[in-house]
Trainee: 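Take a look at the following structure, please.
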2 protein chains.
Amino acid sequence: MQMAELSGRTGVPVPTLKYYLREGLLMPGVPTSATRSTYAQEHVERVRLVRALVETGGLSLASARAVVLALDAPVKRALDILGTAHEALPAPGSEHPESAEVADLVTELGWQVERRAVARHSLSAALEATAQAGVPVGTEELRRYARAAQTIAEVDVQSAAAAPDLTHMLRTVVVGTVMIDPVLSALRRLAQEHVTVSRLAP
Amino acid sequence: MQMAELSGRTGVPVPTLKYYLREGLLMPGVPTSATRSTYAQEHVERVRLVRALVETGGLSLASARAVVLALDAPVKRALDILGTAHEALPAPGSEHPESAEVADLVTELGWQVERRAVARHSLSAALEATAQAGVPVGTEELRRYARAAQTIAEVDVQSAAAAPDLTHMLRTVVVGTVMIDPVLSALRRLAQEHVTVSRLAP
DNA sequence: TGACATTGGATAGTTCCACTATCACCATGG
DNA sequence: CCATGGTGATAGTGGAACTATCCAATGTCA
């Protein structure tokens with residue numbers, strides 16, 4: 001397969017594929033001559049992955065590149081996978097200091113989370129922003145959200161554990177972490193409607 | 001308070017405030033002369049809300065405007081609030097057709113959700129994109145995510161129900177729907193680490 | 001009173017991102 | 001053998017979100 005067919009199968013225009021090549025989002029094909037290369041199924045999958053990350057996951061091209069680079073790197077131990085994944089993913093508010101509220105939450109729930117985990121900063125920043133927006137999250141609500149997040153994480157980890165090898169496991173964790181967020185967001189809105197309707201019109 | 005002080009209190013530069021004024025994101029102050037207006041606390045709150053929606057919620061300025069317009073409109077019945085909120089919020093993939101998988105999920109869980117609810121399309125699009133990214137969500141996983149989403153939605157609805165009046169209720173629902181997503185995302189990553197660590201190193 | 005800063009309103013310019021177009025040159029296949 | 005399509009390089013486009021400049025009118029303070 002060469003460029004035109006890759007374009008046809010993915011729905012991405014040729015100039016854009018060239019751009020992705022330049023930007024390191026798509027690995028080069030195998031050159032068959034000075035001016036020709038062929039591409040394989042893995043290129044099709046890569047392009048589809050990039051588009052999914054960008055369009056649905058809301059990543060910038062730069063973040064998408066970090067993700068695919070992480071996927072290409074070899075994996076040593078299962079324990080490293082989550083760290084690699086969370087490093088490769090964009091962490092909004094990573095420069096925000098951790099709030100006491102977050103520290104309390106983590107210890108109170110007995111969660112085993114590194115003191116320097118970026119997600120602590122992200123959570124602090126998100127809570128701060130929510131308060132700035134005029135609708136602060138109460139302690140009790142936060143606790144209930146956290147418990148729901150834990151059941152979600154258990155599903156995540158089980159799915160990842162079902163992967164046949166470490167490479168697939170990394171892929172499941174990285175891609176899942178990015179792509180399931182929109183799924184959860186849509187499910188939440190659906191559930192909001194159900195809960196509201198069943199309360200007001202039982 | 002005039003423009004310079006509004007800028008000082010919010011940390012937003014004066015030219016940007018003028019821009020927000022032009023774009024209808026910030027309501028005009030009360031003019032005290034041909035070339036001067038004064039701003040009040042509500043303006044400070046509005047600016048902070050807009051910045052929170054844009055920076056943390058990830059909304060475009062256009063979406064943020066739709067949100068603040070919705071907040072300014074009067075509310076008639078509590079039942080309309082969720083509809084108003086979901087209309088004002090951006091719905092990724094709203095043009096995507098609803099998949100059979102989503103229809104099945106909703107009926108199977110007994111969720112009372114309008115046939116034409118946009119969240120159905122958003123969910124279909126998100127699931128499709130996840131599959132395109134090479135990590136499809138299994139039926140069983142989806143069901144478990146959905147149940148977790150329902151507990152989250154119950155917290156959402158309870159928080160909203162605690163509002164003193166319909167205006168505050170609308171505010172809680174709209175802002176909460178946008179701003180809690182990042183909170184949940186961060187909680188999920190924290191929980192992933194906890195679950196992983198307690199599995200691998202019990 | 002007069003110097004100076006600030007405001008509102010208008011218009012134009014900048015930066016970044018994600019493409020998209022064009023060009024010159026080359027290789028293959030019918 | 002030459003039209004078709006590929007390659008790499010360079011340049012251009014369009015949208016979003018600011019940012020800068022200018023102006024005349026108006027406050028503020030020495």
Side-chain angles (χ1 to χ4, degrees), chain A residues 1-40 43-44 46-69 90 92 129 178, chain B residues 1-40 43-44 46-69 90 92 129 178:
Chain A
M1 166 186 359
Q2 44 200 29
M3 184 130 292
E5 193 178 343
L6 181 59
S7 167
R9 291 206 197 181
T10 57
V12 176
V14 171
T16 305
L17 291 177
K18 288 184 175 186
Y19 173 65
Y20 286 178
L21 240 16
R22 286 201 296 284
E23 295 295 311
L25 287 151
L26 177 60
M27 54 283 197
V30 283
T32 59
S33 81
T35 64
R36 218 149 282 221
S37 300
T38 66
Y39 303 91
H43 294 90
V44 176
R46 168 60 59 89
V47 173
R48 290 215 252 254
L49 170 61
V50 168
R51 301 233 47 118
L53 291 174
V54 169
E55 283 174 11
T56 302
L59 298 196
S60 64
L61 286 194
S63 302
R65 178 174 40 229
V67 167
V68 300
L69 285 181
V178 178
Chain B
M1 170 187 355
Q2 46 199 32
M3 185 128 292
E5 192 178 344
L6 182 58
S7 168
R9 290 205 197 184
T10 58
V12 176
V14 171
T16 304
L17 291 177
K18 286 184 173 187
Y19 172 65
Y20 286 177
L21 240 17
R22 285 202 296 285
E23 294 295 310
L25 287 152
L26 177 60
M27 54 284 197
V30 280
T32 60
S33 80
T35 65
R36 218 144 286 219
S37 299
T38 65
Y39 303 91
H43 293 90
V44 176
R46 167 60 58 88
V47 173
R48 291 215 251 253
L49 170 62
V50 168
R51 301 233 47 117
L53 291 173
V54 168
E55 281 173 13
T56 302
L59 298 195
S60 64
L61 286 194
S63 302
R65 178 174 40 229
V67 167
V68 300
L69 285 180
V178 178

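Quick caveat, the model's predicted, so the values are computed rather than measured. Quick note on labels: first sequence line is chain A, next is B, and so on, each numbered from 1. All values below come from the heavy atoms of this structure, side chains included, with hydrogens, waters and symmetry mates left out.
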Trainee: Write down the distance between CE (B:M3) and P (D:dG27), rounded to a whole number of angstrom.
Mentor: 16 Å

Trainee: Starting at CG of A:L21 and ending at P of C:dT20, how long is that distance when rounded to a whole Å?
Mentor: 16 Å

Trainee: Does A:R65 reach a base, just sugar-phosphate, or nothing at all? Heavy atoms under 4.0 Å.
Mentor: nothing

Trainee: Verify the contact: side-chain N or O of A:R36 to OP1 or OP2 of D:dT4, cut-off strictly under 4.0 Å; return yes or no.
Mentor: no

Trainee: Nearest to the B:P15 side chain among C:dG8, C:dA18, D:dA20, which nucleotide is it?
Mentor: D:dA20

Trainee: Measure the distance from CD on B:E23 to C1' on C:dG9 and round it to the nearest whole Å.
Mentor: 14 Å

Trainee: Atom NE2 in B:H43, atom CE in B:M1: separation rounded to 0.5 Å?
Mentor: 8.5 Å

Trainee: Check the distance between C:dT7's P and B:M1's CE and give it to me in whole angstrom.
Mentor: 13 Å

Trainee: For a 4.5 angstrom cut-off between non-hydrogen side-chain atoms, does B:T10 reach B:R51?
Mentor: no

Trainee: Strictly distance-based, threshold 3.5 Å: is any side-chain N or O of A:R65 a donor or acceptor partner for the main-chain N or O of A:E23?
Mentor: yes

Trainee: Which whole-number value in Å describes the distance from B:Y20 OH to D:dT19 C1'?
Mentor: 12 Å

Trainee: Ignoring the backbone of A:R51, work out which of C:dC19, D:dG6, D:dT19 is nearest its side chain.
Mentor: C:dC19

Trainee: From the options C:dG8, C:dC19, C:dT20, select the nucleotide whose nearest atom is closest to the side chain of A:P13.
Mentor: C:dT20

Trainee: Output yes when at least one side-chain N/O atom of B:T35 is less than 4.0 Å from OP1 or OP2 of D:dG27, else no.
Mentor: no

Trainee: Between CG of A:L21 and OG1 of A:T16, what distance do you get to the nearest 0.5 Å?
Mentor: 11.5 Å

Trainee: With a 4.0 Å cut-off on heavy atoms, is B:P31 in touch with a base, just the backbone sugar-phosphate, or nothing at all?
Mentor: nothing

Trainee: Is the distance from OP1 or OP2 of D:dG27 to the nearest side-chain N or O of B:S33 less than 4.0 Å?
Mentor: yes

Trainee: For A:S60 and C:dC17, is the shortest distance between a side-chain N/O and OP1 or OP2 below 4.0 Å?
Mentor: no

Trainee: Counting just side-chain N and O atoms, does B:Y39 come under 4.0 Å of either OP1 or OP2 of C:dG8?
Mentor: yes

Trainee: Roughly how many Å is it from NZ in A:K18 to C1' in D:dT7, rounded to a whole number?
Mentor: 6 Å

Trainee: Just to confirm, is there a sub-4.0 Å distance from OP1 or OP2 of D:dT7 to any side-chain nitrogen or oxygen of A:S37?
Mentor: yes

Trainee: Specify the residue among B:R22 and B:Q2 whose closest nucleotide of DNA chain C lies further upstream toward the 5′ end.
Mentor: B:Q2

Trainee: Would you tell me whether A:R46 and A:Y39 have side-chain atoms, one donor and one acceptor, within less than 3.5 Å of each other?
Mentor: no

Trainee: When the nearest nucleotide of DNA chain D is assigned to B:V54 and to B:T32 on a heavy-atom basis, which residue is associated with the more 5' position?
Mentor: B:V54

Trainee: Quick check against the 3.5 Å criterion: does B:T38 have a side-chain atom that pairs as donor or acceptor with the backbone of B:Q2?
Mentor: no

Trainee: When the distance from CG of A:L17 to P of C:dA18 is rounded to whole Å, what number comes out?
Mentor: 16 Å

Trainee: Taking OH from A:Y19 and P from C:dA18, how many angstroms apart are they, rounded to a whole number?
Mentor: 6 Å

